[in-house]
Asks: 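One structure follows; several queries about it will come next.
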Amino acid sequence: MTPTTDAIDYAKLPKHIAIIMDGNGRWAKERNKDRVYGHHEGVLSVREIVNVSAQIGIQYLTLYAFSTENWNRPKEEVAALMELLVNTIRKEVSDLNKNNVRLCVIGDLESLPLKCQVEMQEAIDLTATNTGLTLILALSYSAKWELVEAIKNIATAVKNNQLSVTEINEELISAHLSTASFPDPELMIRTSGEHRISNFLLYQLAYAELYFTSTHWPDFRKEQYIQAICDYQNRERRFGKTSEQIQTNLTNVDESN
Ligand code: FPP
């Protein structure tokens with residue numbers, strides 16, 4: 001049976017969902033189309049997933065739109081993807097505002113074509129005061145790049161006597177990542193059947209629930225998204241504790257309410 005939003009337990013909604021949108025190329029190939037056609041269809045899924053997220057009250061949604069490794073793709077595909085990003089963002093800004101969505105970007109933005117940087121910055125500025133869903137696009141992003149940058153910044157602060165080595169802890173590292181102002185994702189979804197994290201939010205996904213589906217990204221729509229959220233809600237998150245400890249805590253919370 002296809003789940004609807006009624007199947008969602010709103011008391012157990014993840015605050016932050018991260019998605020590796022995979023399979024645009026294979027989806028297109030299965031239809032004898034070129035890869036770029038798959039990316040264009042992928043944009044329709046992006047729109048639907050953003051809208052559903054805003055509607056059901058997800059606070060943060062991170063989409064892996066272009067990885068550092070994606071620069072190694074054929075240059076025509078890279079150019080088409082950049083063009084698609086610029087055009088999509090330009091077209092979507094008014095809908096983002098209508099849906100109270102704030103746009104943020106993480107990644108090595110300086111490596112993007114200038115046109116793309118300018119367009120992104122404009123959209124970020126135009127949506128900056130929205131208070132609903134925060135949509136985070138990972139662009140020219142890789143977790144290893146992000147960790148190297150964070151370590152360089154921490155090392156510089158130590159060298160300049162602004163920080164002592166004993167002050168380095170998990171929180172300080174989090175505060176030096178590009179996601180410093182967002183909570184860690186509780187749920188990471190990857191479409192298209194690959195069971196990898198592919199250099200995505202390695203530090204932040206330490207305790208995330210991972211959900212893999214064979215559905216290609218252009219076919220990943222509202223129903224598939226709700227299915228992933230319901231699957232997450234049926235899991236027990238133990239954070240290294242035992243199942244008994246978790247159950248006891250839940251009972252105590254229930255009794256104190
Ligand atoms: C992975 O499919 C998808 C990408 C590398 C790009 C994702 C981009 C979009 C969905 C469109 C633009 C996005 C936004 C946010 C406006 P793939 O090409 O790796 O597919 P394959 O594994 O089947 O080859």
Asks: Is there a path of hydrophobic side-chain contacts, each under 4.5 Å between heavy atoms of I/L/V/M/F/W/Y residues, joining L63 to I189?
Replies: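 The answer is yes; both residues are in one hydrophobic cluster.
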Asks: If you look at every heavy atom in H39 and E77, which pair is closest and at what distance?
Replies: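 Heavy-atom minimum between the residues: NE2-OE2, 2.9 Å.
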Asks: What heavy-atom pair brings L205 and P185 nearest, and what distance separates the two atoms?
Replies: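 Reported closest heavy-atom pair: CD2-CG, 3.9 Å.
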Asks: Donor-acceptor pair, distance only, cut-off 3.5 Å: does the side chain of N169 make one with the backbone of E171?
Replies: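 Flag set: sc N169 to bb E171 pair under 3.5 Å.
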Asks: In terms of side-chain heavy atoms, does T156 have a donor or acceptor partner in N153 at a distance below 3.5 Å?
Replies: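 Looking only at side-chain atoms, N153 and T156 do not form any donor-acceptor pair under 3.5 Å.
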Asks: Could you walk me through whether R26 and D22 pass the salt bridge (Lys or Arg N to Asp or Glu O under 4.0 Å) check?
Replies: CA-CA 9 Å; R26 277 164 284 170; D22 198 10; 3.2 Å; yes
Asks: Ignoring hydrogens and geometry beyond distance, is a side-chain donor-acceptor pair present between T131 and R102 at under 3.5 Å?
Replies: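 Result is no, nothing qualifies.
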Asks: Do you know the tightest heavy-atom contact between A143 and L201?
Replies: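 Smallest interatomic distance, heavy atoms only, reads CB-N, 3.7 Å.
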Asks: Please name the pair of heavy atoms, one in E244 and one in T248, separated by the smallest distance, quoted to 0.1 Å.
Replies: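 Looks like O-OG1, 2.7 Å.
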Asks: Would you call L177 and L147 a side-chain contact if the rule is heavy atoms closer than 4.5 Å?
Replies: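 Yes, side chains in contact.
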Asks: Are any non-hydrogen side-chain atoms of R47 and K91 less than 4.5 angstrom apart?
Replies: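 Side-chain contact under 4.5 Å: no.
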Asks: Closest heavy-atom contact between S140 and W71?
Replies: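 In terms of heavy atoms, the two residues are closest at OG-NE1, 2.9 Å.
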Asks: Which heavy atom of T127 sits nearest to which heavy atom of V101, and what is that distance?
Replies: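 Answer, listing the atom of T127 first, then V101: CB-O, 3.4 Å.
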Asks: Within the structure provided, determine whether F212 and I20 are in side-chain contact (heavy-atom separation under 4.5 Å).
Replies: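 Not touching, per the 4.5 Å side-chain cut-off.
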Asks: Could you check if a side-chain atom of I154 sits within less than 4.5 angstrom of a side-chain atom of L172, using non-hydrogen atoms only?
Replies: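 In short, these two side chains touch, coming nearer than 4.5 Å.
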Asks: Parallel, tilted or perpendicular: which one describes the rings of F220 and W217, with boundaries at 30° and 60°?
Replies: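 Because their plane-to-plane angle is under 30°, the rings of F220 and W217 count as parallel.
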Asks: Examine distances only and state if a side-chain atom of N199 and a backbone atom of K144 form a donor-acceptor pair shorter than 3.5 Å.
Replies: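 Indeed, once roles are kept as given, a pair shorter than 3.5 Å links the two residues.
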Asks: Apply side chain to side chain contact (heavy atoms under 4.5 Å, CB included) to M21 and V46, showing your working.
Replies: CA-CA 9 Å; M21 310 180 287; V46 169; 3.7 Å; yes
Asks: Answer whether the closest heavy-atom distance between the side chains of Q227 and Y211 falls below 4.5 Å.
Replies: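 Of all side-chain heavy-atom pairs linking Y211 with Q227, at least one is under 4.5 Å.
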Asks: Under a 4.5 Å cut-off applied to non-hydrogen side-chain atoms, are E122 and R90 in contact?
Replies: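 Not touching, per the 4.5 Å side-chain cut-off.
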Asks: Counting C-beta onward and ignoring hydrogens, is there a side-chain heavy-atom pair between H216 and E41 closer than 4.5 Å?
Replies: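 A side-chain contact under 4.5 Å is absent here.
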Asks: Heavy-atom distance under 4.5 Å between the side chains of R190 and S198, does that happen here?
Replies: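 Heavy-atom side-chain distance check passes, below 4.5 Å.
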Asks: Hey, any chance M82 and L137 share a hydrophobic cluster, counting ILVMFWY side chains that come within less than 4.5 Å of each other, even indirectly?
Replies: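 Yes: a chain of side-chain contacts under 4.5 Å links M82 to L137.
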Asks: Calculate, to the nearest 0.5 Å, the distance between atoms CD and CG belonging to E30 and N32 respectively.
Replies: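 Answer for the CD-CG pair, E30 versus N32, is 10.0 Å.
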Asks: Linking I/L/V/M/F/W/Y whenever their side-chain heavy atoms sit closer than 4.5 Å, directly or via other members, would L139 and V78 fall into one cluster?
Replies: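 Hydrophobic grouping puts L139 with V78.
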Asks: side-chain hydrogen bond (donor to acceptor under 3.5 Å, both in side chains) with H16: which of T179, D184, T134, T62?
Replies: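 Single pass found, and it is T62.
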